[in-house]
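Each chain gets a letter, A, B and so on, in the order the sequences are listed, and its residues count up from 1. Since we're looking at a predicted model, the values are computed, not measured.
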Amino acid sequence: MAQAAIPQEHKWWSGGKSPFNVSYGKLMMWYFLMSDTFTFGAFLISYGTIRFSQEYWPNPNHVFNSFPFAGHEANLPLAFVSLMTFILIISSVTMVLAVHAGHNMDKKGVQKYMLLTILGGLAFLGCQAWEWTHLLTGAHHVLIDGQIQELNTTVSHNPWGPQVMHNGELVGTPGPVAFGGYFFGITGFHGFHVFSGVVINIIMYIMTTRDVFHNRGHYEMIEKAGLYWHFVDLVWVFVFLCFYLI
Amino acid sequence: MSHEAVMHAHAAVGHEEHHGHHHHESFISKYIFSQDHKMISKQFLFTGIVWAILGGLMSVLFRLQLGYPNETFPILEDLLGKWAKGGKIQPEFYYALVTMHGTVLVFFVLTAGLSGTFSNLLIPLQCGARDMASPFLNMLSYWFFFAASIVMISSFFVETGAASGGWTSYPPLSAIGDFSEGSKAGMDCWLISMALFIVSSLLGGLNYIATILNMRTKGLSMTKLPLTIWAFFFTAVLGVLSFPVLLSGAILLLFDRHLGTSFYLSDVFVSKTQTALPNEGGSAILYQHLFWFLGHPEVYIILLPAMGMASEIISTNSRKPIFGYMAMVGSLFAICILAFLVWAHHMFVTGLNPFLGAAFVLLTLLIAVPSAIKVFNWLTTLWKGNIRFTPAMLFAIGFVSLFISGGLTGIYLGNSALDYQLHDTYFVVAHFHIVMGVASMFGMFAGIYHWFPKMYGRYLNHTLGYIHFWVTMIGAYMIFWPMHYQGLAGAPRRYYDISNWHFLKGFDGLNQFISTVALIVFATQILFVFNYFFSMFRGRKLKNPNPWGSNTLEWTTPINPGHGNWPGEIPEVHRWAYDYSKDGREFIPQTEPIGAGESGHH
Ligand code: HEM
Ligand SMILES: [Cu+2]
């Protein structure tokens, strides 16, 4: 048979091996991430269409301008969310380091960096919890039916509408309700991903500690968890872009 | 390191195979929480059959109402209680029946029942793999489907009844409980069940893709794959990329229902309670975009497996190579791409910008090209073939016939100017039942008749098979062909009673005719179910491991393969799957090396 003369390495697609030289597990993870991209994509595109069908959309610099312990008067637009983003990106870096340690079969290193990644994830979730609480409980004066009333930001109303003159003063009016719905919906869905990522990472940490991967001879599971974690991180970049920057 | 992992994965499977027969499998691990793809495939098929019977029964019930709107059937009240008060199907129940019929057949029978059964059965067997890439996730895929089924069934038993807003569940009807009984708890069941179903289909799809790409046996390059596998591959990709969008849509709908958000709602006035809802700014059309972004690929998720199996069965039983193998693969691919670009043809009358509509008309009509290529290739494969009319072959040919008839009406509907008239009439009902519903059912039947011997080591009874085929084939045309005329005349779909309109009066007799035929066809399906279970235990036993003289790998396994499929080494593949009637030989299995003096090969 003439075919046998050709070195096997050149024939990636001819069966008997993975054409991409990746395990089926990683392949499944990649396809899952593609699938999840469509889930987020659907949310973000829905958000986009609704947002641009509205006459007015709140300015994120006004909505997201507070910082824990900085007092009510502080005006620090986007400072807190920048911190959150920074934390999440750092946790991606530690994830890379954990994967790297795994390549070197360095159990101690994997443990250390997984722990840091878990902490980063938890810190991000903590920040998100604070931000949500702040929005849900923070009441603002708005003009409704000719009267000044207190309004917080929820999925069914928001105080960030256009400003009008009332008795010689500039006051806010109710803004588009879609704002809260999409904000809480999408950041919540992302937060749920972070949460499940943290759970996965904790399981990976425990398995590492119990020498499961060491005995298996490779730390591929850490790589798969890493793919997921980077994906969640990447999605946040888009969420950040769509809700805070634009 | 990843290369080692690949090797490792294979080693693990091989390992299992060597020791598999040493330890005794318990009933639970063998029949219930099985991780063997062949058993999981049977689980999908059983569940699918149960759903098909229930779904079919629902259609018989609502056809009773449509055929005999002025009559009462006291027995119905005995059976169904308040849903058929006075022996007459109540409107709420009618809508619930129609909705559930659509949901069940589209998702549970023709998606899970079809892909779940045959992707599971054939991918490892025809790719030469011991099992799926991840047998565990594969098992989970079935159990998520099972859970989805339980939730969906239970919605019939909640007090306000099952969801009743149509299988598409458009808001605002589906978003607000006050709008109808079926929009209450039944709708929540529907959404939860669909979410579980999406998880199931995702787990299954990832497995199918990974197995096809990674686990093909030595020598089985992608271009040597049987067309069944190509079809399952594209089906899985479609599912993995489109179902998540439905998930997003369903989540937003759940939020609108329970959290007071306004994703789909704006300026709603509920006449029942005389209240204006506070929701504003949402868009009901948004839901339609999200739904149909899945919904259109979904119709191909249903159709492609049937296409793949029909290709395989037609070639095998014509004793001829499939005509235009690469064109078949290419057209599957083209259909896949186009499937994502045509969803708005379901929305021509929503106020869609006509210029945008024109773009969607163009893309929609483009689908006719790959579809026609496939039809042409099936016909040319049959042409001058040495045809063996097994029941599987008849169903495969029937599939082609139905696909042609239904595809042609698609071209009518794809023109927005015609669709303004035809939308939401019985013309659409006729179109999609013929091209998708019945055609894919035929693909599924073809597959069952053809691969039953592989599943159980026995044949289905052929005489019953022939009766089943002819009654179903003729019946399906008698049911759905007249609906085109009703639709052209303007009969709206989904209505409880169209006899109120004078201009539709003339259809009374036709409706009775359709309902009667539907009943007969349904009874014939019960005959098939009987054949299935009877043959499982009593059917003629297989003596030849390759009963149809096929080339593909599944027939190189023992008659009743164990977990791991091949007792020894996995066979190596040397040729494509379609060397039929070549060099004076009737068939040449894929495992046979290319001979020295062999004429040009693939
Ligand atoms: C040349 C091919 C086809 C074209 C141009 C086409 C076009 C269309 C159009 C424009 C509609 C919308 C009708 C309306 O609601 O007013 C429609 C409905 C539908 N088509 Fe097709 N179609 C084609 C083939 C298929 C195939 C192959 C399938 C399935 C396997 C399919 C399944 C459906 C279904 C399920 C619906 C109705 C959904 C509903 O409203 O409930 N079609 N088709
Ligand atoms: Cu469509």
**Prompt:** Under a 4.5 Å heavy-atom cut-off, does chain A meet the side chain of B:Phe243, its backbone, both or neither?
**Reply:** neither
**Complete:** In terms of heavy-atom pairs under 4.5 Å with chain A, the winner among B:Ser221, B:Cys127, B:Ala129 is B:Ser221
**Asked** Which atom pair, heavy atoms only, marks the closest approach of B:Arg216 to A:Pro19?
**Response** NH2-CG, 3.8 Å
**Complete:** When rounded to the nearest 0.5 Å, the distance separating OG of B:Ser262 from CZ of A:Phe179 is 14.5 Å
**Request:** Kindly check if the number of other-residue, nucleotide or ligand heavy atoms within 6.0 Å of OH (A:Tyr244) is above 12?
**Result:** yes
**Message:** If you count heavy atoms of other groups shown closer than 6.0 angstrom to NZ of A:Lys107, is the number above 12?
**Reply:** yes
**Prompt:** Can you tell which of B:Val573, B:Ile251, B:Leu203 has the highest number of heavy-atom pairs within less than 4.5 Å of chain A?
**Reply:** B:Ile251
**Request:** Evaluate whether atom CZ of A:Phe238 has more than 12 neighbouring non-hydrogen atoms of other residues, nucleotides or ligands under 6.0 angstrom away.
**Result:** no
**Request:** Please determine, among B:Pro278, B:Ser248, B:Ser283, the option with the most heavy-atom pairs under 4.5 Å with chain A.
**Result:** B:Ser248
**Asked** Is the backbone N or O of A:Pro176 less than 3.5 Å from a side-chain atom of B:Glu280, with the two atoms forming a donor-acceptor pair by type?
**Response** no
**Message:** Under 4.5 Å from any heavy atom of chain A, what part of B:Asn207 do you find: side chain, backbone, both or neither?
**Reply:** both
**Item:** Heavy atoms of other groups near B:Phe333 CZ, more than 12 under 6.0 Å
**Value:** no
**Message:** Report which part of B:Leu290 has an atom under 4.5 Å of a heavy atom belonging to chain A: side chain, backbone, both, or neither.
**Reply:** side chain
**Message:** How about NE2 on B:His258, more than 12 heavy atoms from neighbouring residues, nucleotides or ligands closer than 6.0 Å, or not?
**Reply:** yes
**Prompt:** Just wondering, are more than 12 heavy atoms of other shown residues or ligands nearer than 6.0 Å to NE2 in A:His140?
**Reply:** yes
**Request:** Step through the shown structure and confirm whether more than 12 heavy atoms of other residues, nucleotides or ligands are within 6.0 Å of NE2 on A:His214.
**Result:** no
**Message:** Under 4.5 Å from any heavy atom of chain A, what part of B:Leu137 do you find: side chain, backbone, both or neither?
**Reply:** side chain
**Which atoms of B:Thr217 approach chain A - backbone, side chain, both or neither, heavy atom under 4.5 Å** = backbone
**Item:** Contact winner vs chain A - B:Leu252, B:Ile570, B:Asn279, heavy-atom pairs under 4.5 Å
**Value:** B:Leu252
**Request:** Go through the atoms of A:Phe184 and report whether side chain, backbone, both or neither lie under 4.5 Å from a heavy atom of chain B.
**Result:** neither
**Complete:** Correct closest heavy-atom pair for A:Leu27 and B:Asn214 would be CD2-OD1, 3.8 Å
**Item:** Residue part contacting chain A, namely of B:Leu246, when any heavy atom lies under 4.5 Å
**Value:** neither
**Any side-chain heavy-atom pair of B:Thr211 and A:Tyr24 under 4.5 Å** = no
**Asked** So what's closer than 4.5 Å to chain A heavy atoms on B:Leu286: side chain, backbone, both or neither?
**Response** side chain
**Item:** Residues of residues 28-51 of chain A with any heavy atom under 4.5 Å of a heavy atom in chain B
**Value:** A:Met28, A:Tyr31, A:Phe32, A:Met34, A:Ser35, A:Phe38, A:Thr39, A:Ala42, A:Phe43, A:Ser46, A:Thr49, A:Ile50
**Asked** Does A:Phe192 CZ have over 12 foreign heavy atoms under 6.0 Å away?
**Response** no
